[in-house]
Novice: 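My questions all concern the structure below.
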Amino acid sequence: MTCVYDGDTGWERGIKWRLLAIDAPELSGAECPRELDIGVRSRNRLIALMRDGYTIHWSGSRDRKGRRGRQLVTITLTDGRDAGRVLMTENLAQSWPNHGNLWCN
C-alpha cells in the first residue's frame, strides 16, 4: 500500500520515494500561502490519479536530499500516463531540477 505525503513524495512498503524529474510544492515549510494551497491540490490530485491503479518503477537511484535520500521513481497510471507529467500539465508541479519557487514568485 502506498502512502502519499505530497505531490512528489510517498512511501511504498516502508521505502520513501520521490518522483523523478518533477518538483511539487511543499506542504511542510511552504514559503507562501499559494505554495501551500497548490501543494495540497497537488497531493490530492496524485492520490486521485493513483486511485484507479498504478505501477511504481524504481530507478535504482536516490535523490541527494536528506541523509539517505529517497528512492527515485516514476509512476505509470493504468491508462499509460506518467503521473508526474500529468501533475506538470495541470500546473501542480514543475520540472526538476529548476531554479526558484515558481509558486511564490
Novice: Measure the CG-CD distance between N101 and E31 for me, rounded to the nearest 0.5 Å.
Specialist: 4.5 Å
Novice: Flag the pair D23 / D8 as yes when at least one side-chain heavy-atom distance between them is below 4.5 Å, and no otherwise.
Specialist: yes
Novice: So does I38 get a backbone contact from the side chain of S42, meaning a donor-acceptor N/O pair under 3.5 Å?
Specialist: no
Novice: Ignoring hydrogens and angles, tell me if any N or O in the side chain of E35 forms a donor-acceptor pair with the backbone of E26 under 3.5 Å.
Specialist: yes
Novice: For I75, run the side chain to side chain contact (heavy atoms under 4.5 Å, CB included) check against R81, H57, M50 and tell me which one passes.
Specialist: M50
Novice: Report whether W96 and L27 are members of the same hydrophobic cluster (ILVMFWY, side-chain heavy atoms less than 4.5 Å apart, transitive linking).
Specialist: no
Novice: Measure across G7 and I22 and return the closest heavy-atom pair with its distance rounded to 0.1 Å.
Specialist: O-CD1, 4.0 Å
Novice: For S59 and L72, indicate whether the former's side chain and the latter's backbone hold a donor-acceptor pair under 3.5 Å.
Specialist: yes
Novice: What distance do I56 atom CD1 and T74 atom OG1 have between them, rounded to the nearest 0.5 Å?
Specialist: 9.5 Å
Novice: Under 4.0 Å between a Lys/Arg side-chain N and an Asp/Glu carboxylate O for R18 and D6?
Specialist: no
Novice: Mind listing the closest non-hydrogen atom pair of Y54 and T2 along with its distance?
Specialist: OH-OG1, 2.6 Å
Novice: I need the minimum non-hydrogen distance between Y5 and S28, along with the two atoms involved.
Specialist: OH-CB, 3.2 Å
Novice: Provide the closest heavy-atom pair for A24 versus W103 in the form atom of the first, atom of the second, distance.
Specialist: C-CH2, 3.8 Å
Novice: Give me the atom names and distance for the closest heavy-atom approach of L49 to L87.
Specialist: CD1-CD2, 4.3 Å
Novice: In Å, rounded to the nearest 0.5 Å, how long is the span from CG of L36 to CZ of R41?
Specialist: 11.5 Å
Novice: Strictly distance-based, threshold 3.5 Å: is any side-chain N or O of R70 a donor or acceptor partner for the main-chain N or O of K16?
Specialist: no
Novice: What's the separation between atom CG in L46 and atom CD in E90, rounded to the nearest 0.5 Å?
Specialist: 11.0 Å
Novice: What distance do W58 atom CH2 and L20 atom CG have between them, rounded to the nearest 0.5 Å?
Specialist: 12.5 Å
Novice: Grab the two heavy atoms, one from M88 and one from S95, that are nearest each other, plus how far apart they are.
Specialist: SD-N, 3.5 Å
